[in-house]
Amino acid sequence: MAAENNLKTLEEKSIFILREANAKFKHIAALWSMGKDSTTMLALARKAFMGKIPFQVIYIDNGIDFPESYEFMEEMVKKWGLDLIIAKSNIKSELSGFSCCGANKTVALKKLMKEKRFDAIIASIRRDEHSIRAKERYFSPRDTSFKWDYKNQPAELWGNYATKIYDGSHFRVHPLLDWSESDVWRYIKKEKIPINPLYLAKDGYRYRSLGCTHCTVPIKSSASSIEGIIKELKITKTEERSGRSQDKEKAYVMEKLRSLGYM
Amino acid sequence: MDYRITLLGEKDHGKSTLLGNLLIKTGSIKRSRINSILPSSIGGKRFEPGYLLDSFKEERDRGMTIDQTSAEIIYKNNLLHMTDVPGHLELLKNMLTGASNASLGIFVVSAKMGEGFTNQSKRHLYLSNLMGIGAMLVAVNKMDMADFKEKAFIDIKKSITDYCSAAGIKSRLVFVPISAYNMENVIERAKNMQWYDGKPLMHTLLEMLEHINPGIVEQNGMRILIQDKIDDAFFGQVLYGKIKNGSDIILHPGGKKVRLFNLKKFNKVIGSSKAPSNIYFKLNPDANASRGDILYGIGEHPSAEIVFNAKIFPIKNISAYELSKSKVSFNGNYSNVAMRITGIFDITKAAKVPKRKNAAITPNYAINMAVKLAKKCPTEHFNAYPILGRFGMYSKSGILLGVGIVE
Ligand SMILES: Nc1nc2c(ncn2[C@@H]2O[C@H](COP(=O)(O)OP(=O)(O)OP(=O)(O)O)[C@@H](O)[C@H]2O)c(=O)[nH]1
């Protein structure tokens, strides 16, 4: 045993989940926020499907993301040949936290799902992000209004995931559920996955978790390389999402957001 | 190796408390997460470490785990994947979700007067043994409520060993008395249980893990499960054995000899691959192979494809008559196939089995049943190739009725 997850084991499991999702759903797409987790997920999908990602990639654009992120997006679309859909979400400037992510992004995604009739959406959430996420399934059903019936989740025995779709509902697929924040960074380093430059420290600050410009604040850090981030994570005492607007992470707010379909 | 450990046991006997306190005392969780469950942040009278796992508001209000949760513990430089599961009878489905991947169980049973080794404790022990968890660390908990008396420990130990021999449970059991709330004899030796001469819980756990088989049984045979086909290529998993690029193999159902070629992993052609591994390949001829089919080594074949005997543990009360009349489904090996129960046999001596046709089958033990699948689906004896010999039994409307192993 060792005190770190084995990256090979994590990789095999994620590839299995991605292949399983692609085999079972007719209209599947992946959410890509341009952050480290969803970019890692795309790198895994490239490995799973012999270099060519077989599904569309959705970016929900609320118009207030960082300029660095937009640049990174263009670069990656070219580099990996992504079939990208940009879903415009109309941001109301007075909203932030709960209402910003809860309302705007979800409205945009709902609209897109209706148009495109997606029956499954790949989301790169991880168990260690929040104690509510630790209860997620790899394949998690949502109802028509995107609600997560968390008190009555399907059984998930071994690798046999529930995929039965009831009218209008869809599944969330979570290939990165087993990964920790530091696993993601170790994998990014090992596989040389391109990352959004906002994660690296500049003038003493870096972003540890990326939401939009309204709900993310940078942390004090001198980690200007991936190696530096991995070292920093070994000693930090705070949680990853501490750079997100506080209201969203408080007790039970996350539960409410997720049950309402927030990503 | 990747060790997955599941907590097991009756509700309120202290599973969440044990895991919560372990997360805190081993420093496996960030301070801010601990602060978030202090009575000063969320109300409540006393500090409940179990709230680290029981994160739903309703779980805290009702004082019980509703759904399983996973958490990692770092102890003496080992990473332990732990799963907390609900103890309540109605929630066996969630318990199974949590326990199905574990190779070792920490079975928590309370020594407090009036709690003890209950029917639900028996279910958890029985089910986990059925599903192949061969080693069980029995944490006899709440010793503080039993005045740390040796007799309380010995009584529980005896009722568990008696039950196991009657029910034919052959798991390796190791007993440790603890108090999870006060962390007595969990990491450090307890001062008020001088009569106990063994090691504390965590020490015992590491010793047990050293001797455990993490689910990968060494087998001579080769099994590759086909997961998907895109254009003329296949995606699959090597579950057992080793495959060489360019070798002849047997496709089941059907038994046709085909050649596997263009074996790839991550876009690179490779000479061979061994379990466990996700691979890509082509077949010549492709013989209409599809999802759920299995590739075998020359001279090998599935133990059954249509009719077989299974041991099925029902997770709720079911009428034996209804069950034999209704269409259920077999969910395993990438397949979801209509299934019929053609016989229900009396096999266990652990409890009474209903003789009358309309009697209920209760979620207390596994029942030997003869089953018939609507179409061919290769399966294996659970004892030989466990991954290909276990399944969920679902109702027509998609509700989990039970779990089974192929005999
Ligand atoms: N005195 C005492 N109380 C304990 C001990 N361990 C747990 N408890 C208490 O017993 C109650 C139930 O404990 P939980 O950890 O929630 O029980 P559980 O087994 O996880 O229950 P479910 O999740 O519903 O299956 C809590 O109030 C704990 O504080 C112990 O060692 N001593």
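Throughout, protein chains are lettered first and strands after them, A, B, ... in sequence-line order, and every chain is numbered starting at 1.
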Proximity breakdown for A:Lys24 and chain B, heavy-atom pairs closer than 4.5 Å: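 It is the side chain, since no backbone atom gets that close.
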Identify which part of A:Glu11 has an atom lying under 4.5 Å from any heavy atom of chain B, answering side chain, backbone, both or neither.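 The side chain, not the backbone.
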Report, as yes or no, whether the 6.0 Å neighbourhood of atom [atom1] on [X] holds more than 12 heavy atoms from other residues, nucleotides or ligands.
X        : atom1 : result
B:Lys274 : NZ    : no
A:Lys189 : NZ    : no
B:Phe261 : CZ    : yes

Answer yes if the side chains of B:His81 and A:Asp178 hold a donor-acceptor pair under 3.5 Å, and no otherwise. no
Short question: side chain of A:Trp158, backbone of B:Ser100 - any donor-acceptor pair under 3.5 Å?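 Yes.
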Looking only at atom types and distance, does a side-chain atom of B:Gln227 sit under 3.5 Å from a main-chain N or O of A:Phe16, one as donor and one as acceptor? yes
Let me confirm one number: the [atom1]-[atom2] distance from [X] to [Y], rounded to the nearest 0.5 Å.
X        : Y        : atom1 : atom2 : value
A:Lys8   : B:Ser277 : NZ    : OG    : 8.5 Å
B:Asn101 : A:Glu156 : CG    : CD    : 9.0 Å
A:Asp128 : B:Ile29  : CG    : CD1   : 10.0 Å

Taking all non-hydrogen atoms of both residues, which atom of [X] and which atom of [Y] are closest, and how far apart?
X        : Y        : answer
A:Arg19  : B:Asn278 : NH1-CB, 3.5 Å
A:Leu157 : B:Thr97  : CD2-N, 4.2 Å
A:Asn160 : B:Asn333 : OD1-N, 4.0 Å

Would you mind checking which part of [X] comes under 4.5 Å of any heavy atom in chain A, side chain (CB onward), backbone (N, CA, C, O), both or neither?
X        : answer
B:Leu96  : both
B:Ile315 : neither
B:Ser335 : neither
B:Met131 : side chain
B:Tyr394 : side chain
B:Ile230 : side chain

Between the side chains of B:Lys265 and A:Glu12, is the shortest nitrogen-to-carboxylate-oxygen separation below 4.0 Å, so that they form an ion pair? yes
is_close_aromatic(B:Tyr280, A:Phe49), centroid dist under 6.0 Å: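 That pair fails the under 6.0 Å test.
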Kindly indicate whether the side chain of A:Met50, heavy atoms from C-beta on, has any atom under 4.5 Å from the side chain of B:Lys268. no
Using side-chain heavy atoms (C-beta onward) and a distance below 4.5 Å, is A:Arg127 in contact with B:Glu72? no
Working for side-chain contact (heavy atoms from CB on, under 4.5 Å), residues A:Glu20 and B:Arg291: CA-CA 10 Å; A:Glu20 195 64 5; B:Arg291 181 178 165 86; 2.7 Å; yes
Set out, in order, the CA-CA distance, both residues' side-chain angles and the distance that settles side-chain contact (heavy atoms from CB on, under 4.5 Å) for A:Arg46 and B:Phe266, then state yes or no. CA-CA 8 Å; A:Arg46 280 165 48 83; B:Phe266 314 145; over 6 Å; no
